*Asks:* 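What follows is a structure written as structure tokens; I'll ask about it next.
As the structure is a computational prediction, the values presented were derived from the model and not from experiment.
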Amino acid sequence: MSLLQVENVAKSFFQRGNELKIFSDVSFTVEPGELLLISGRSGTGKSTLLNLLGGLERVSAGRIVFNDRVITDLSMSELAELRANGIGMIFQNFNLIPGWSALENVEAVLMHRGISQSERLQRATAILTELGLGDRLHNLPAELSVGQQQRVAIARTLVNDPAMILADEPTGDVDPETADEILHLLLPRIKSGRTAMIVASHGLFNPALATRTASLKDGKLHL
Amino acid sequence: MTRDIIALAGRELKQHKRRTFAVISGYALTVAFLIILAAVLLYSRVVQNITIGEAGTYFVTWLPACGDISSLSEEELAKLARGIIPEVCKEKCENCTGCNKKPVDILNEGFVINTNGTRLLTLDLVEKIRALPLIKDASACLMFRFRDPQTNTIFAVGGIDVQSPAVSTNCCAASDLIDGNFLTGSSTGRVLVDIGFAGNHGLKCGSNLVIASETFVVSGIINSGARPVKPDVIMLFADAERVINRRIQNPLENEANLILIESRDATVHGRALEDVKALMKGDSLLTTGCYFPAAKAIGLNTRLIWAFMTLVAVAAMLFSARIQWASVIERRRSFAILKAIGWNNRVIILQQLAETLAQSVAGSLAGLVAGLAVLLLVPVNNLLGIDATMTGVLNPGLFAVVVAFAVTAGVLAGLLPVLMVIRQRPADALRRV
Ligand SMILES: Nc1ncnc2c1ncn2[C@@H]1O[C@H](COP(=O)(O)OP(=O)(O)OP(=O)(O)O)[C@@H](O)[C@H]1O
Ligand SMILES: [Mg+2]
């Protein structure tokens, strides 16, 4: 059994009664230790596909199985549970909570799960330090550079040790050097087989780092 | 988990001090304002009740004299003096026992209420009136007009039961005293004199006053203001009975000519008047210190209070909802993000509940304290010169209602945006907010 199976997934949006087809018949699998790069031009539906995989959005057709669970059948609260435990998402626009410090943003993922506050803070501090933000723990997102904000978003995902990371343009807004640094933080976890990662990018991500690539074009996923 | 929620709520409120302060002071101002408004309104009602109550719960009942005595022929007058009732009078005899007790000087003297002639009533009627459910007190009173043979002056003497509450509202009370002492149950031979009469006749406390050849000592001078029964001279009922007996054909036997009455309260005053009228039958008259409309105005006033209280509750809800709504709308995006990183709906709702509850309770209590402080420190009653303290209207139930409405509305208004975020799919919530 693969870690992730995507079977004939289609997604359409309905706007004022008109069906807007984004893609259809998308099928692929991902194994632990894999890094799948999904490329495609802006507006082809890369973010939409990641949202479907993370359970933030419902499919129009098809089936998604993660860790032997049919996530397309799960309720919204079961999906939330899944995001809390198995699937980590790095958003294109980071989605950090503006009023919370870097540390608090990362700590939030571990909250309400019976983990003591001291352990939460210790784990959040460790991961942020690992990502080079040891001296930025108490800064608000607005007080950080875009690249630093991105690293906070990555830390927020990694602190949880998810089995699958869905990363939307994880290196989109940083210089190539920093992008390399960030990837070198992510790659060891993947190579060790602990984690699989799906990256969506419209071109800035170095394809050589991926174990597999696919591209979204004209409503289809080309493997 | 509960501890996490409370801790996080505390952190949120502390971190956004300005927002928290604004929200809490919003609640405080709203609650304080509404409490002061409600209390002042209630207070004005209490004051109104006192005013109307004082003016409107007492009255006197009596039977007007049989007719114009001067229209009777000499022969009829002579017969009347012997207790023989002329035909023209007979229809008015119900409740009256006075036909054989006509004054000796029938043209100058007689039973009166102030300037109007009256018939006599038996004292058992007083008992019957006192037994009516809407009546608080009824008291027999004699009022007789005398002529002083020496000076030819005419004056009215009242005989009262000094202990009766109906006397103090209808005739005179110790508070009317200008000089000297009020009468007590054992003030036999002593009288109170109206200030006007005392002035005209040079009477002071301790002066002697001769009435029907009996000498009385002036105990006090009074100014009884606008009361229904205003004799020039007031004495104990038994004294009055004795001096009046000297001036009528046959002695009084358990009789009086006025009944002073106090109804239970202003709200039933109108019905009490009707009850007494029904019991008296015939051509009895009521002299009262107030109009019906004044008593009825209280009922209208009560309905107004309820309308106002509803308004206060609605205002509390709207203000609180407005305050909380503004601060939570700002946080909708945060809730969508928390949902995207795996927080479940229950936790998000509880988190919001904890924060809004803390703010609304803290704010409302602060408002309650501030409102009470204003009400207790500002001497409204002194300013208005009214003898009723504000403390009487500081009604815990009212305050509880205001606080409860403010808190409930705040919590609801705080939860509504959160519920909206939660109902959406996270992707939509993130995109839209
Ligand atoms: N809720 C929605 N309702 C209607 N249309 C939507 C909705 N969400 C996304 N779309 C549309 O779906 C298409 C795909 O959007 P998506 O964000 O997935 O593109 P993308 O490939 O990630 O682009 P980019 O590289 O610019 O991030 C776009 O045309 C967008 O307008
Ligand atoms: Mg995108």
Side-chain angles (χ1 to χ4, degrees), chain A residues 11 13 47-59 75-101 103-117 120-121 138 140-141 153 156-157 159-160 162 166 168, chain B residues 1-23 326-355 359 418-433:
Chain A
K11 181 65 187 173
F13 290 107
S47 298
T48 303
L49 181 56
L50 292 191
N51 283 344
L52 292 177
L53 301 178
L56 297 180
E57 188 87 74
R58 292 286 193 190
V59 297
S75 72
M76 275 294 164
S77 59
E78 286 168 324
L79 288 171
E81 185 59 32
L82 197 66
R83 284 193 297 278
N85 288 313
I87 301 178
M89 302 188 74
I90 302 169
F91 298 96
Q92 195 167 6
N93 55 357
F94 318 140
N95 281 338
L96 297 176
I97 293 178
W100 291 3
S101 70
L103 187 63
E104 287 162 354
N105 263 288
V106 176
E107 184 205 354
V109 181
L110 304 175
M111 273 184 141
H112 306 310
R113 294 165 59 184
I115 303 171
S116 75
Q117 194 191 20
R120 291 197 306 253
L121 290 177
H138 301 292
L140 295 178
R156 186 172 65 180
T157 305
V159 75
N160 219 4
L166 306 172
D168 204 348
Chain B
M1 197 181 81
T2 327
R3 247 184 48 212
D4 279 356
I5 287 173
I6 293 169
L8 184 56
R11 194 183 84 190
E12 271 298 287
L13 297 178
K14 244 187 2 227
Q15 267 177 4
H16 302 90
K17 283 200 191 70
R18 287 202 352 235
R19 187 172 72 196
T20 305
F21 181 75
V23 170
S327 97
V328 171
I329 278 293
E330 201 185 308
R331 300 197 57 205
R332 271 171 68 176
R333 185 178 172 78
S334 302
F335 288 120
I337 294 171
L338 290 173
K339 211 179 155 183
I341 64 168
W343 284 30
N344 66 40
N345 292 347
R346 206 169 62 96
V347 166
I348 292 175
I349 291 173
L350 287 177
Q351 191 65 55
Q352 176 62 21
L353 198 66
E355 286 173 34
Q359 289 172 322
V418 178
L419 292 177
M420 276 159 57
V421 169
I422 279 172
R423 268 191 48 245
Q424 286 181 316
R425 276 167 304 173
D428 279 339
L430 279 175
R431 196 176 303 111
R432 298 257 162 84
V433 292

*Asks:* Please report the shortest heavy-atom distance between A/Ala84 and B/Gly342, naming the atom on each side.
*Replies:*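 Closest heavy-atom pair between A/Ala84 and B/Gly342: CB-O, 3.6 Å.
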
*Asks:* Test of understanding: with ring-ring contact (aromatic ring centres under 6.0 Å, His included), list the residues that count as partners of B/Trp343, not counting sequence neighbours.
*Replies:*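 Result, ring-ring contact (aromatic ring centres under 6.0 Å, His included) vs B/Trp343: A/His112.
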
*Asks:* Within this structure, what is the CG-CD1 distance for the pair A/Asn105 and B/Ile341, rounded to the nearest 0.5 Å?
*Replies:*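 A/Asn105 atom CG to B/Ile341 atom CD1 measures 7.5 Å (nearest 0.5 Å).
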
*Asks:* With side chain to side chain contact (heavy atoms under 4.5 Å, CB included) as the test, would you mind laying out the steps for B/Asp4 and A/Arg120 before giving the verdict?
*Replies:* CA-CA 11 Å; B/Asp4 279 356; A/Arg120 291 197 306 253; 3.0 Å; yes

*Asks:* Between B/His16 and A/Gly99, what is the shortest heavy-atom contact and its length?
*Replies:*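 Reported closest heavy-atom pair: NE2-CA, 4.1 Å.
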
*Asks:* Counting only heavy atoms from other residues, nucleotides and ligands, does the tally under 6.0 Å from CZ of B/Arg423 exceed 12?
*Replies:* no

*Asks:* Could you tell me which portion of A/Asn51 (side chain, backbone, both or neither) has an atom closer than 4.5 angstrom to a non-hydrogen atom of chain B?
*Replies:* side chain

*Asks:* Mind checking the CG-CZ spacing from B/Asn344 to A/Arg83? Nearest 0.5 Å is all I need.
*Replies:*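 The CZ atom of A/Arg83 is 10.5 Å from CG of B/Asn344, to the nearest 0.5 Å.
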
*Asks:* Residues in side chain to side chain donor-acceptor pair (under 3.5 Å) with B/Asn345, at least two apart?
*Replies:*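 Testing B/Asn345 for side chain to side chain donor-acceptor pair (under 3.5 Å), a comparison that skips the adjacent residues, returns none.
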
*Asks:* For A/Leu96, is it the side chain, the backbone, both or neither that has a heavy atom under 4.5 Å from a heavy atom of chain B?
*Replies:*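 Backbone of A/Leu96 only, per the 4.5 Å heavy-atom cut-off to chain B.
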
*Asks:* Are B/Lys339 and A/Leu56 side-chain neighbours, meaning at least one heavy-atom pair lies under 4.5 Å?
*Replies:*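 Side chain of B/Lys339 against side chain of A/Leu56, heavy atoms only: no contact under 4.5 Å found.
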
*Asks:* Does any non-hydrogen side-chain atom of B/Ile337 lie less than 4.5 Å from one of A/Arg156?
*Replies:*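 A/Arg156 vs B/Ile337: side chains touch.
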
*Asks:* If you count every heavy atom of other residues, nucleotides or ligands that lies below 6.0 Å from B/Phe21 atom CZ, does the total exceed 12?
*Replies:* no

*Asks:* For the atom pair CD (B/Gln15) and OG (A/Ser101), what is the distance rounded to the nearest 0.5 Å?
*Replies:*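 It is 6.5 Å, given to the nearest 0.5 Å.
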
